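Report on one structure; see the data block that follows.
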Amino acid sequence: MLSKKEIKDIQSLGLKKHRAETGLFVAEGPKIVSELLAAVPGQVKRVLALDEWAQSHREQVRDIPLHVVSPDELQRASGLQTANQVLAVLKQFESKEPVVRHNLCLYLDAIQDPGNFGTIIRIADWFGIKDVVCHEGCADLYNPKVVQSTMASIARVNVWHDRDGAWIKQQKVPILAAVLGGASVYQRGKLKEGILLIGNESKGLQPALLELATEQITIPRHGEAESLNAAVATGIILSHLVG
């Protein structure tokens with residue numbers, strides 16, 4: 001049985017301040033927790049689970065502190081409206097400066113929506129992109145909604161911050177900006193190395209970043225929609241650049 005303090009400590013990880021102080025974050029749900037246990041077991045500090053989940057995953061958590069809890073205890077510790085079988089507390093990942101030579105990376109400018117941010121990380125993982133760089137204004141990587149949206153891709157994609165823009169100014173590779181008025185991405189060839197800039201959901205890319213772009217590309221519009229969701233646009237563009 002968990003103490004009130006243990007439950008409170010886990011609950012507090014829903015707040016950025018406490019995540020920063022402890023260097024920990026929470027992931028919830030059987031799919032994401034199982035994937036994280038398989039991918040980065042050394043990052044997992046403890047697991048809270050209902051008895052049914054615990055019994056069927058004993059081998060996977062044999063070297064990790066496992067707390068078998070009641071549905072009420074799990075709900076109290078959970079940040080979800082309805083707790084889902086299992087919750088894991090993990091150590092935050094070490095971030096490293098990306099090497100862009102011979103690689104493609106994403107550069108995000110103020111992607112504020114946690115769901116968008118997490119989905120973009122998952123999309124990067126799908127296309128084999130190992131690095132996502134964040135300019136100022138992006139959602140917190142360990143926000144629970146970001147973590148859930150990554151569906152464990154957070155363990156495979158390096159997320160690095162370039163808040164002052166100094167890093168991107170030093171890069172000597174093609175820099176493609178996703179904008180509304182660029183050249184059609186369908187007419188562009190594959191990109192073996194470079195940086196793809198994705199802008200804020202409502203404001204797009206800030207002028208200082210646009211000035212660094214060597215190319216401006218777009219997804220041609222055939223209907224009447226004003227714009228595309230940032231994550232959706234990222235997926236469409238990468239499907240034409242990667243390969």
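Both backbone and side-chain heavy atoms feed into the values below; hydrogens, waters and symmetry mates do not. No experiment lies behind these values; they were computed from the predicted model shown.
Counting only residues at least two apart or on different chains, the side chain to side chain donor-acceptor pair (under 3.5 Å) pairs with a member in residues 140-149 are Arg19-Asp140. Sorted by first and then second residue, the ring-ring contact (aromatic ring centres under 6.0 Å, His included) pairs with a member in residues 214-243 read Tyr186-His240; sequence neighbours excluded. The ring-ring contact (aromatic ring centres under 6.0 Å, His included) analysis of residues 104-125, with sequence neighbours excluded, yields the pairs Tyr107-His135. For residues 196-216, the set of pairs meeting the ring-ring contact (aromatic ring centres under 6.0 Å, His included) definition, not counting sequence neighbours, is empty.
Interatomic distance, CG of Asp131 versus CG of Leu104, reported as 10.0 Å (0.5 Å rounding). To the nearest 0.5 angstrom, Glu136 atom CD is 9.5 Å from Arg163 atom CZ. Residue Leu197 holds its CG atom at 6.0 Å from CG of Leu209, rounded to the nearest 0.5 Å. The distance from atom CD of Glu211 to atom NZ of Lys169, rounded to the nearest 0.5 Å, is 9.5 Å. Remark: Leu176 CG to Glu215 CD distance equals 4.5 Å, nearest 0.5 Å.
The shortest heavy-atom contact between Trp53 and Gln85 is CD1-OE1, 3.8 Å. Nearest heavy atom pair, residue Ile123 against residue Ala231, reads CD1-O, 3.2 Å.
Side-chain polar atoms of Asn84 and Thr82 form no donor-acceptor pair below 3.5 angstrom.
Residues forming a salt bridge (charged side-chain N to carboxylate O under 4.0 Å, His left out) with Lys8 (at least two apart in sequence, or on another chain): none. In this structure Arg58 satisfies the side-chain hydrogen bond (donor to acceptor under 3.5 Å, both in side chains) test with no other residue, sequence neighbours excluded.
Shown are Leu141, Ile154, Val157; of these, the side chain to side chain contact (heavy atoms under 4.5 Å, CB included) with Phe93 is made only by Ile154.
With a 4.5 Å cut-off on side-chain heavy atoms, Val89 and Leu13 count as touching.
The number of heavy atoms from other shown groups lying within 6.0 Å of CD (Glu94) does not exceed 12.
Under the 3.5 Å distance criterion, the side-chain polar atoms of Gln171 are left unmatched by any main-chain donor or acceptor of Ile195. No donor-acceptor pair under 3.5 Å is formed between the side chain of Gln43 and the backbone N or O of Leu37. Using modelled atom types, one side-chain atom of Ser12 and one backbone atom of Asp9 make a donor-acceptor pair closer than 3.5 Å. Proximity of a side-chain donor or acceptor of Asn158 to a complementary backbone N or O of Pro98 within less than 3.5 Å is not detected. Judged by distance alone, the side chain of Asp162 and the main-chain N or O of Ala166 form a donor-acceptor pair under 3.5 Å. Judged by distance alone, the side chain of Thr214 and the main-chain N or O of Pro174 form no donor-acceptor pair under 3.5 Å.
Following chains of ILVMFWY side-chain contacts shorter than 4.5 Å, one cannot reach Val147 starting from Leu87, and the two form parts of different hydrophobic clusters.
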